[in-house]
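First up is the structure itself, then whatever we jot down about it.
Here the structure is a predicted model, which means the values were calculated and not measured. Within every chain, numbering begins at 1; the chains are lettered A, B, ... in the order of the sequence lines, protein sequences first and strands thereafter.
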Amino acid sequence: MPLKIYDTLTGQKVALEPIHAGEVRIYVCGPTVYDMAHIGHARAYVAFDTAVRFLRRRYKVTYVRNYTDVDDKIIKRAAEVGEDPAALAARFIREFELDMQALAVNNADVQPKVTEHMAEIIDLVATLVAKGAAYVVDGDVYFAVDKFEGYGALGRRDLTDMEAGARVEVDLRKRHPMDFALWKAAKPGEPFWESPWGQGRPGWHIECSAMSSKYLGETFDIHGGGKDLIFPHHENEIAQSRAASGKPFAKVWMHNGFVNVDNQKMSKSLGNFFTVRDVLQKFDPQTLRYFLLTTHYRSPISFSDQTLKETEARVKYLYETLARLEAKVGEGSSAPPYTNDELQQVVARFEATMEDDFNTAKALGDLSEVFTLVNDLLQRDLGDTELRTLRFLKATLTEVGAVLGLFVEPPKVVLERMAARKQADRGVDQKAVEALIALRAEARKAKDFARADAIRKELLAMGVNIKDSAAGTTWELA
RNA sequence: GGCGCGGUACCCAAGUGGCUAAGGGAAGGGUCUGCAAAACCCUCAUUCAUCGGUUCGAAUCCGAUCCGCGCCUCCA
């Protein structure tokens with residue numbers, strides 16, 4: 001079945017037909033590195049990471065995700081904290097990469113930086129000037145939007161409507177209020193690069209046009225980013241790239257929805273702002289990733305502490321199931337996996353679900369019954385067929401997880417990480433807990449259940465849940 | 001004002017013309033357990049914001065209304 005992707009430009013799902021057979025080229029707008037990544041970044045890059053992981057099952061994929069490491073915000077922030085802009089950008093790139101690694105977001109094939117592509121950017125601006133698509137004013141270069149037919153198509157905007165709209169501080173040097181900067185003359189003290197128009201730096205949008213064409217060609221398959229980039233960022237990219245090359249730009253436009261907090265857009269001014277680091281302090285990275293995948297990437301997703309707590313409980317269940325599964329079929333047995341049509345449907349259905357515009361929410365829902373089945377089998381007396389079925393299911397979950405970026409670490413590692421963080425959070429004294437459990441074990445041995453229950457109650461009051469099993473008593477924090 | 005998205009059970013959330021409206025959480029009942037916990041099983045929307053319309057048939061298409069949100073300015 002063909003892969004269908006919702007295309008912002010046409011407003012409908014379109015079948016992916018790669019320009020080069022067997023190969024998909026995709027560009028996703030990366031972060032402007034002037035601060036720590038927030039959960040909106042996490043959503044975007046988890047969404048595209050998952051899409052790319054799925055695409056790689058079928059195609060050779062070239063995935064480019066840039067870093068915007070020179071820009072007004074970086075300069076402003078650097079001045080505020082008294083740091084060199086380049087150093088500040090480099091610092092936040094490192095932090096960003098730590099976050100992405102935690103979230104199991106793979107690196108893109110190419111992660112180009114703006115500052116390392118000045119020659120390409122200047123060439124592109126020069127081409128646009130030469131073609132009459134752009135003009136120079138006092139060392140600035142502007143793109144002339146009214147020279148570009150079809151401006152506003154992506155954002156479904158009409159140039160005349162926008163013209164009528166009242167705008168603040170229209171730069172009178174611009175020929176049209178919507179004209180945007182390709183190159184900005186440097187003010188004193190700002191970082192600059194030499195150019196035919198004097199010392200300056202790239203405008204807000206030109207970098208992506210320059211870097212995408214360098215690594216993917218003038219026309220490529222998919223361009224992605226957050227919904228907020230549709231206008232003007234992506235609109236402007238289209239204008240620049242097409243005006244320069246005279247060829248189509250990206251074939252399909254993918255945009256992810258926002259992360260909302262309290263049903264409102266997360267923003268610094270509203271004070272409902274969370275960095276990835278904030279969240280990872282309280283929750284496991286797999287919890288955050290799972291949470292981000294439970295809603296379709298195009299819909300808004302609502303973030304709250306309560307929801308994350310519920311998600312973590314679910315993720316813990318998944319990993320506990322996997323841990324039990326691994327303990328059962330992990331070693332020893334060389335019995336080949338057993339499968340049948342029904343069991344094979346799991347991956348087939350996953351494929352079909354992901355083919356429909358990367359429906360991770362449904363995929364995760366479908367996976368529920370697999371986990372239930374595993375637990376069901378696990379608590380029976382296992383015959384050979386059941387054991388071999390479990391082997392097959394383990395392979396299935398690993399395969400599906402590899403696309404979703406879940407279950408890539410040993411379950412034990414994740415569970416221990418979750419437990420350790422909770423203990424640190426609550427400041428629970430592990431030794432005291434274990435001492436109480438030992439006392440309770442004695443009481444139980446002596447059939448003094450009243451005392452045993454009293455101790456359990458005491459532990460419960462500390463937030464400690466205990467589980468008795470044939471193998472002994474284990475505990476966890478509620 | 002212009003453009004766009006959405007309103008599905010107590011909560012979260014799939015589903016965009018046709019089998020019984022996925023799945024998760026919560027809740028209630030059960031199996032297991034000394035009792036619990038965990039796991040498993042069962043129950044839990046004749047109904048998809050409202051009102052009309054199209055159709056043999058609509059949560060799904062069309063129109064109107066109400067409500068929520070986003071973009072139009074840096075933003076994932």
Side-chain angles (χ1 to χ4, degrees), chain A residues 8 11 13 28-32 34-35 37-48 68 71-73 76 152 155-158 160-169 178 204 224-233 235 255-260 263-269 290-291 294-302 304 306-307 309-311 313-314 316-318 320-321 324 349 353 356 359-369 371-380 444 447-450 452-453 456-457 459-460 464-470 473-476 478:
Chain A
T8 306
K13 285 182 194 171
V28 173
C29 289
T32 299
Y34 71 103
D35 206 344
H38 57 249
I39 52 180
H41 290 114
R43 185 180 199 194
Y45 302 120
V46 164
F48 286 106
T68 297
D71 137 288
D72 292 353
K73 288 193 294 294
K76 183 166 171 255
R156 283 170 229 292
R157 251 154 264 252
D158 189 68
T160 53
D161 285 349
M162 289 187 284
E163 206 174 352
R167 312 196 76 82
V168 232
E169 46 177 292
M178 291 307 294
W204 314 331
K227 262 192 165 72
D228 49 338
L229 297 179
I230 295 172
F231 194 92
H233 185 62
E235 192 75 57
H255 292 99
N256 64 274
F258 287 119
V259 174
N260 288 161
N263 208 27
Q264 275 191 310
K265 183 179 165 180
M266 177 176 78
S267 77
K268 282 183 182 170
S269 50
Y290 186 94
F291 166 72
T294 53
T295 299
H296 186 93
Y297 77 89
R298 280 192 284 119
S299 304
I301 188 169
S302 189
S304 78
Q306 184 57 31
T307 306
K309 265 185 196 153
E310 287 168 8
T311 304
R314 182 66 185 166
K316 189 168 163 227
Y317 160 86
L318 300 178
E320 279 177 342
T321 302
R324 283 191 286 265
R349 187 174 52 173
T353 298
D356 185 11
N359 195 341
T360 56
K362 179 170 188 295
L364 252 22
D366 290 345
L367 235 39
S368 284
E369 73 180 35
F371 281 87
T372 300
L373 175 61
V374 168
N375 277 314
D376 182 29
L377 289 173
L378 239 24
Q379 66 185 22
R380 294 192 205 175
R444 289 182 73 212
K447 303 248 188 261
D448 184 355
F449 294 121
D453 290 350
R456 183 172 59 207
K457 214 172 164 188
L459 284 163
L460 215 50
V464 174
N465 257 5
I466 55 177
K467 300 185 201 178
D468 296 327
S469 77
T473 299
T474 58
W475 63 281
E476 66 189 9

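To the nearest angstrom, C1' of B:C41 lies 14 Å from CG of A:Leu377. Following rounding to the nearest Å, A:Asn359 (CG) and B:G15 (C1') show an atom-to-atom distance of 9 Å. Spacing between atom NE2 of A:His255 and atom P of B:C5 amounts to 14 Å, rounded to whole angstrom units. The CG-C1' distance, from A:Asp228 to B:A76, rounds to 5 Å in whole Å. Computed from coordinates, the A:Lys227 NZ to B:C75 P distance equals 17 Å when rounded to whole Å. Rounded to a whole Å, the CD atom of A:Glu476 is 12 Å from the C1' atom of B:A39. When the P atom of B:C74 is taken as reference, atom NE2 of A:His38 falls 16 Å away, rounded to whole Å. Distance NZ (A:Lys76) to C1' (B:C74): 10 Å, rounded to an integer number of Å.
Ion pairing of A:Asp453 with A:Lys457 is absent here, as no side-chain N (NZ or NE/NH1/NH2) approaches a carboxylate O to less than 4.0 Å. Between A:Asp468 and A:Arg444, at least one side-chain nitrogen of the basic residue sits less than 4.0 Å from a carboxylate oxygen of the acidic one, meeting the salt-bridge criterion. Of the charged side-chain nitrogens involved, at least one lies within less than 4.0 Å of a carboxylate oxygen, so that A:Glu476 and A:Lys316 count as a salt-bridged pair. At a threshold of 4.0 Å, the pair A:Asp35-A:Lys73 does not count as salt-bridged, since none of the basic side-chain nitrogens sits closer than that to a carboxylate oxygen.
Interface remark: the A:Asn260 side chain does not form any donor-acceptor pair with the B:C69 base, using a distance-only criterion of under 3.5 Å. The base of B:A14 has none of its N or O atoms less than 3.5 Å from a complementary donor or acceptor on the side chain of A:His296. The base of B:G34 sits within donor-acceptor range of the side chain of A:Asp453, with an N or O pair under 3.5 Å.
Counting non-hydrogen atoms under 4.0 angstrom, A:Val28 reaches nothing in the nucleic acid. Nucleic acid contact class of A:Gly40 (heavy atoms, under 4.0 Å, all strands): base. Counting non-hydrogen atoms under 4.0 angstrom, A:Gly11 reaches nothing in the nucleic acid. Among the protein residues, A:Asn256 comes within range of the nucleic acid bases, having at least one heavy atom under 4.0 Å from a base atom. Here A:Arg298 lies out of heavy-atom contact (under 4.0 Å) with every strand. Using a 4.0 Å heavy-atom cutoff across all strands shown, A:Ile230 reaches no nucleic acid atom at all.
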At a cut-off of 3.5 Å, list every protein nitrogen or oxygen paired with a nitrogen or oxygen from nucleotides 22-28 of chain B, distance to 0.1 Å.
| from | atom 1 | to | atom 2 | distance (Å) |
| --- | --- | --- | --- | --- |
| B:G23 | O2' | A:Gly365 | O | 3.3 |
| B:G23 | O2' | A:Ser368 | OG | 2.7 |
| B:G24 | O3' | A:Arg314 | NH1 | 3.3 |

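With C1' as the reference atom, B:G4 and B:C41 are 46 Å apart, rounded to whole Å. For the P atom pair drawn from B:U43 and B:C5, the interatomic distance equals 39 Å after rounding to whole Å. B:G63 and B:A58 are spaced 15 Å apart, taking the C1' atom of each and rounding to whole Å.
Taking CG from A:Asn260 and CD1 from A:Ile39, the interatomic distance works out to 9.5 Å, rounded to the nearest 0.5 Å.
Across every strand in view, B:U54 sits unpaired, with no contact that passes the Watson-Crick or G-U test at under 3.5 angstrom. In this structure, B:C5 forms a base pair with B:G68, meeting either the Watson-Crick or the G-U wobble geometry with both donor-acceptor distances under 3.5 Å. The partner of B:G34, taking Watson-Crick or G-U wobble pairs whose two distances both stay under 3.5 Å, does not exist in any strand shown. Nucleotide B:U16 forms a pair with no other nucleotide shown, judged by Watson-Crick or G-U wobble geometry with both contacts under 3.5 Å.
A:Tyr297 places none of its side-chain heavy atoms less than 4.5 Å from the side chain of A:Thr360.
Of the two residues contacting RNA chain B, namely A:Pro31 and A:Thr294, the nearest-nucleotide position lying further toward the 5' end is that of A:Thr294.
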